[in-house]
Asks: 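Let me give you the structure first, and then I'll get to my questions.
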Amino acid sequence: MYLKKLMKKAFDIAFNQIQQEQEQIELKLTGKIPKWVSGSFYRNGPGLLKCSTQTYNHWFDGLAMVHKFDIADGKVSYQSKYLESNVRDSILESGSITFPEFATDPCSSIFKKLLSSFKHTNPKVSLQECDNQLLALGETRVQLEIDKNTLATLGIHDYSDTPMAPAVTTAHPHVVDNHLYNLVVSMGPLNFYKIVRYNIGTKKTETLCKIPISKPAYIHSIGMSDNYFIIAHYPYNSNTIDFVLKNKPFIENFKWIKNKQVTFFIVSRKSNKVVHKVKTDPFFAFHFINAYEEDDSLIFDMVTYPDSGIIDSFYLEKLSDMNERLQESNLHRFKYNLRSNALQRSQVTAHSLELPTMDNRFLQKNYNHTYAVGVSDEGHQQFYDQLIKTNMHTGLSLIWKDPDYYPGEPIFIPDNHYNEDDEGVILSILINIADESKGSKLLVLDAKTFTEIASVQINHSIMPGFHGCYIN
C-alpha cells in the first residue's frame with residue numbers, strides 16, 4: 001500500500017502540474033563543474049498537461065516549454081519560457097484546449113480539424129541549432145526559430161515542399177552545412193515519403209526522394225550515414241482518409257498490424273533513389289541513434305519495441321495507474337551487407353532504455369558509447385528512473401540512479417582536449433518524485449566513471465520532457 005501511494009505521488013508531482021515561466025536566476029551549485037564547460041543547455045518538452053477546464057490525454061500532448069541553463073566559470077543560471085505560438089495564446093488566455101495534439105483532439109467538425117492542422121504551432125519535441133539559429137522542432141509542418149538568449153519566438157520554418165497539403169515530419173532532422181535533411185510524410189489521395197533538404201537561410205525546401213506509400217507509418221526519426229538515408233516503415237499504419245473522416249486524435253488513426261514485417265528503404269544520397277529495400281521481423285521504434293558505413297556494410301542502431309504498445313504506455317491514464325508498467329525496449333544493432341543484401345540484427349544490452357544520445361562528434365562514424373534514460377529492475381517500472389551508459393561493442397553498462405528522482409535525457413558534452421566519446425560530462429534534468437518541495441536539479445556526471453560531480457538546485461519541479469541540445 002505504501003509503494004502504491006508513493007507511485008501515485010510520483011505521478012502527481014511529475015505530470016499533474018502547470019509550470020510557471022521563470023525569468024533568469026542564478027542557481028546554487030553543489031560540487032564543481034569543469035571550467036572547460038562553458039555554454040548553454042536547452043531542453044524542450046511539455047510545461048503543462050492540463051488547463052483550467054480540460055486535461056490532455058498523453059505525455060506527448062502538452063504545451064511546449066523550453067528550459068535553458070547557462071554555464072560559465074563554474075556558475076549556472078536558469079530560465080524557462082512557454083514557446084510563443086497560437087497554441088500558447090489559446091491555452092493561457094482562454095483556459096481551454098482548442099488545437100489538436102498527438103493524442104488529444106478537441107475539434108468537433110471536419111472543417112475545424114482541417115483548418116487547425118494548417119494553423120497548429122506547438123513544437124515541443126526537440127531543439128536543434130543550424131547556421132547559428134536555434135529551432136524548436138515538432139512533428140507538424142511548422143517549426144519555430146527562437147532567440148538563444150531570451151527564448152522569444154523569432155519566426156517560423158516550414159520544410160514541407162507543398163505548404164497547403166496535409167503533411168507531418170519528424171522532430172529529428174540531420175544537419176549538414178546549414179541544411180536540414182528530414183522525412184516529410186505527404187498525405188492526400190496519394191501518399192508519399194519524401195526526403196527533403198531545407199535551406200535555413202533561404203527557407204526553401206528541395207525534395208530529394210519521393211517514395212509512394214499506400215498506408216504511411218508513424219515515423220519519429222530516420223537514419224543517415226555518409227552515403228545513405230534509412231527509412232523504417234513499421235507495421236503501424238494509417239488510412240490517411242481517416243484523419244479527415246474519423247473524429248480521432250492524430251495517433252489513434254494508426255493501427256498495429258500483427259505479424260507484418262518492417263520494411264527498410266535505403267536511399268542513396270548520391271542518386272537520391274531507393275537502392276535497397278529489405279524486410280525484417282516486426283518491431284516499432286522512435287529513435288535511430290547513429291548510422292555509419294564499415295567495409296561493405298551499413299550499420300545502424302535503434303531502440304526497438306516488439307510493437308507500438310509503448311505509445312499506449314504514455315497515456316496519462318496509464319502513467320497514473322499503479323498497475324501499469326512501461327513497455328520494455330531493446331537496444332538493437334542492424335548490420336546490412338550492401339553486397340549480399342543480408343541483414344543481421346543483434347541485441348546490444350538487456351537494459352530497457354529510451355531517449356538515446358551520443359557524442360555528436362561521432363555521428364556517421366564508428367562510436368563506442370550511447371547514453372539514455374532507463375527503467376531499473378528494482379524500481380516500480382512505471383517510468384524512467386535511471387541513467388544508463390552502454391558500450392555499443394561490449395554491451396557493458398554503467399548506471400546512475402537515485403530512487404527519489406526521475407532523470408531526463410542525458411546530453412553528452414565532450415572535453416575537446418580528448419578524442420574518446422566518454423571524455424566529458426553528462427547533463428540531465430532531474431525531478432524529485434518523493435518530495436515536491438525539493439523541486440528539480442540539473443545533474444552533472446563524469447561521463448567516463450558515470451558518477452556525480454556537481455548539481456544545481458531548482459526550487460520548482462520541471463516536468464519530464466523530451467530532447468535538448470548544448471551550444472558552446
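Worth saying up front: this structure is predicted, and the values here are computed from it rather than measured.
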Asks: Could you check if a side-chain atom of Glu354 sits within less than 4.5 angstrom of a side-chain atom of Ile310, using non-hydrogen atoms only?
Replies: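 A side-chain contact is absent here, since even the closest heavy-atom pair is not under 4.5 Å.
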Asks: Which residue in the set Val425, Leu29, Val76 passes side chain to side chain contact (heavy atoms under 4.5 Å, CB included) when paired with Ile71?
Replies: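 Running side chain to side chain contact (heavy atoms under 4.5 Å, CB included) over Val425, Leu29, Val76 with Ile71 returns exactly one hit, Val76.
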Asks: With side chains defined as the heavy atoms from C-beta onward, is the minimum distance between Leu427 and Val444 less than 4.5 Å?
Replies: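 Yes, their side chains come closer than 4.5 Å.
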Asks: For Ile462 and Ile431, work out which heavy atoms get closest and say how close.
Replies: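 Minimum heavy-atom separation between Ile462 and Ile431: O-CD1, 3.4 Å.
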Asks: Using 30° and 60° as the class boundaries, would you call the ring planes of Phe450 and Tyr371 parallel, tilted or perpendicular?
Replies: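 The rings of Phe450 and Tyr371 lie parallel, inter-plane angle below 30°.
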Asks: Does Lys335, at its NZ atom, have more than 12 non-hydrogen atoms belonging to other residues, nucleotides or ligands within less than 6.0 Å?
Replies: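 Result for NZ/Lys335: open.
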Asks: Side-chain contact test, heavy atoms from C-beta onward, threshold under 4.5 Å: evaluate it for Leu443 versus Pro407 and give yes or no.
Replies: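 They are not in contact (no side-chain heavy atoms under 4.5 Å apart), so the answer is no.
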Asks: The test is side chain to side chain donor-acceptor pair (under 3.5 Å); show your working for Ser126 and Asn44 and say whether it passes.
Replies: CA-CA 5 Å; Ser126 66; Asn44 203 349; over 6 Å; no
Asks: Which heavy atom of Leu355 sits nearest to which heavy atom of Phe466, and what is that distance?
Replies: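 It is CD1-O, 4.1 Å.
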Asks: Start with the C-alpha distance between Ser313 and Gln327, add both sets of side-chain angles, then the distance that settles side chain to side chain donor-acceptor pair (under 3.5 Å), and finish with yes or no.
Replies: CA-CA 7 Å; Ser313 291; Gln327 186 184 40; 5.6 Å; no
Asks: Hey, could you give me the CE/CH2 distance between Met463 and Trp59, rounded to the nearest 0.5 Å?
Replies: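 That separation rounds to 11.0 Å.
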Asks: Please confirm whether the backbone N or O of Ile411 pairs with a side-chain atom of Thr357, one donor and one acceptor, at under 3.5 Å?
Replies: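 It does not hold such a pair.
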Asks: Once the angle between the rings of Phe41 and Phe69 is folded into 0 to 90°, is it parallel (under 30°), tilted (30 to 60°) or perpendicular (over 60°)?
Replies: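 If you compare the ring of Phe41 with that of Phe69, the planes turn out parallel.
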Asks: For residues Lys318 and Asp312, report the shortest heavy-atom separation together with the two atoms involved.
Replies: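 Distance-wise, the nearest heavy atoms are CD-O, 3.3 Å.
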Asks: Got a second to check how far Lys389's NZ is from Asn368's CG, nearest 0.5 Å?
Replies: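 One finds 9.5 Å between NZ of Lys389 and CG of Asn368.
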Asks: Can you tell me if Glu328 has over 12 outside heavy atoms packed within less than 6.0 Å of its CD?
Replies: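 It does not: Glu328 CD has 12 such atoms or fewer within range.
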Asks: Evaluate the ring planes of Phe265 and Tyr193, with Trp represented by its six-membered ring, and classify them as parallel (under 30°), tilted (30 to 60°) or perpendicular (over 60°).
Replies: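 The rings of Phe265 and Tyr193 stand perpendicular, inter-plane angle above 60°.
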Asks: Can Phe362 and Tyr367 be said to form a ring pair (Phe, Tyr, Trp, His ring centres under 6.0 Å), step by step?
Replies: CA-CA 6 Å; Phe362 287 82; Tyr367 68 117; 7.8 Å; no
Asks: How many angstroms lie between atom CZ of Phe412 and atom CE of Met358, to the nearest 0.5 angstrom?
Replies: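 Rounded to the nearest 0.5 Å, the CZ-CE separation comes to 9.5 Å.
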Asks: If you count heavy atoms of other groups shown closer than 6.0 angstrom to CG of Asn459, is the number above 12?
Replies: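 Not buried by this count: 12 neighbours or fewer within 6.0 Å.
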Asks: Ignoring hydrogens and angles, tell me if any N or O in the side chain of Lys203 forms a donor-acceptor pair with the backbone of Ile156 under 3.5 Å.
Replies: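 Looks like yes, one N/O pair under 3.5 Å.
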Asks: Between atom CG of Asp446 and atom CD of Glu423, what is the distance when rounded to the nearest 0.5 Å?
Replies: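 The CG atom of Asp446 sits 8.0 Å away from the CD atom of Glu423.
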Asks: Quick check: closest heavy atoms across His179 and Arg197, and the distance to 0.1 Å?
Replies: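 In this case the closest contact between His179 and Arg197 is CD2-CG, 3.5 Å.
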Asks: Decide yes or no on salt bridge (charged side-chain N to carboxylate O under 4.0 Å, His left out) for Lys124 and Glu101, but give the supporting numbers first.
Replies: CA-CA 11 Å; Lys124 58 184 168 293; Glu101 286 294 343; 2.7 Å; yes
Asks: Take the angle between the ring planes of Tyr78 and His460 and call it parallel below 30°, perpendicular above 60°, tilted in between.
Replies: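 Rings of Tyr78 and His460: tilted, 30 to 60°.
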Asks: Give the minimum heavy-atom separation between Ala232 and Val262, together with the two atoms involved.
Replies: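 Heavy atoms of Ala232 and Val262 come nearest at CB-CG1, 4.5 Å.
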Asks: Is Gln54 atom CD crowded by more than 12 heavy atoms from other residues, nucleotides or ligands, each under 6.0 Å away?
Replies: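 It does: Gln54 CD has more than 12 such atoms within range.
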Asks: Can you find a heavy atom in the side chain of Ile453 that is under 4.5 Å from one in the side chain of Pro34?
Replies: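 Of all side-chain heavy-atom pairs linking Pro34 with Ile453, at least one is under 4.5 Å.
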Asks: Is any side-chain heavy atom of Thr140 closer than 4.5 Å to a side-chain heavy atom of Thr121?
Replies: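 No, side chains not in contact.
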Asks: Around atom NZ of Lys148, are there more than 12 heavy atoms from other residues, nucleotides or ligands closer than 6.0 Å?
Replies: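 Above 12, so yes.
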Asks: Apply ring pair (Phe, Tyr, Trp, His ring centres under 6.0 Å) to Phe283 and Tyr234, showing your working.
Replies: CA-CA 7 Å; Phe283 71 89; Tyr234 310 106; 5.7 Å; yes
Asks: So Asp385 and Lys401, salt bridge (charged side-chain N to carboxylate O under 4.0 Å, His left out) or not? Walk me through it.
Replies: CA-CA 7 Å; Asp385 61 354; Lys401 177 178 170 61; 3.1 Å; yes
Asks: Please indicate whether Glu317 has more than 12 foreign heavy atoms, meaning atoms of other residues, nucleotides or ligands, lying under 6.0 Å from its CD.
Replies: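 Open: at most 12 neighbouring heavy atoms sit under 6.0 Å from CD of Glu317.
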Asks: Are there over 12 heavy-atom neighbours, none belonging to Asp73, within less than 6.0 Å of that residue's CG?
Replies: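 For Asp73, atom CG is not crowded (no more than 12 foreign heavy atoms under 6.0 Å).
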Asks: Picking from Ile146, Leu144, Ile200, what satisfies side chain to side chain contact (heavy atoms under 4.5 Å, CB included) with Leu135?
Replies: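 Testing each of Ile146, Leu144, Ile200 against Leu135, the sole residue satisfying side chain to side chain contact (heavy atoms under 4.5 Å, CB included) is Ile200.
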Asks: Please say which of Thr153, Leu154, Leu151 ends up in a side chain to side chain contact (heavy atoms under 4.5 Å, CB included) with Glu84.
Replies: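 Option passing the side chain to side chain contact (heavy atoms under 4.5 Å, CB included) with Glu84: Thr153.
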Asks: Check the angle between the aromatic planes of Phe286 and Phe284 and answer parallel, tilted or perpendicular using the 30° and 60° thresholds.
Replies: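 Ring orientation of Phe286 relative to Phe284: perpendicular.
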Asks: Say you draw a straight line from CZ of Phe15 to CG of Leu316; how long is it, rounded to the nearest 0.5 Å?
Replies: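 The CG atom of Leu316 is 7.5 Å from CZ of Phe15, to the nearest 0.5 Å.
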Asks: Quick one: closest heavy-atom pair of Ala64 and Pro123, and the distance?
Replies: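 In terms of heavy atoms, the two residues are closest at CB-O, 3.9 Å.
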Asks: How about Ile91 and Tyr56: do any of their side-chain heavy atoms sit closer than 4.5 Å?
Replies: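 Yes, side chains in contact.
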Asks: Please assess Asp415 against His417 for the test side chain to side chain donor-acceptor pair (under 3.5 Å), listing each intermediate value before the final yes or no.
Replies: CA-CA 5 Å; Asp415 183 346; His417 296 96; 2.7 Å; yes
Asks: Just checking Asp226: does its CG atom have more than 12 heavy atoms from other residues, nucleotides or ligands closer to it than 6.0 angstrom?
Replies: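 Check passes, neighbour count above 12.
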Asks: Any chance you could lay out the side chain to side chain contact (heavy atoms under 4.5 Å, CB included) test for Ile458 and His67, step after step, and finish with the verdict?
Replies: CA-CA 11 Å; Ile458 304 107; His67 306 268; over 6 Å; no
Asks: With side chain to side chain donor-acceptor pair (under 3.5 Å) as the test, would you mind laying out the steps for Gln143 and His157 before giving the verdict?
Replies: CA-CA 5 Å; Gln143 319 299 315; His157 291 267; over 6 Å; no
Asks: Report yes if the side chains of Phe264 and Leu343 come closer than 4.5 Å at any heavy-atom pair, otherwise no.
Replies: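 Yes, at least one pair of side-chain atoms sits under 4.5 Å.
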Asks: With rounding to the nearest 0.5 Å, note down the distance linking CZ in Arg43 to NZ in Lys68.
Replies: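 Rounded to the nearest 0.5 Å, the CZ-NZ separation comes to 16.0 Å.
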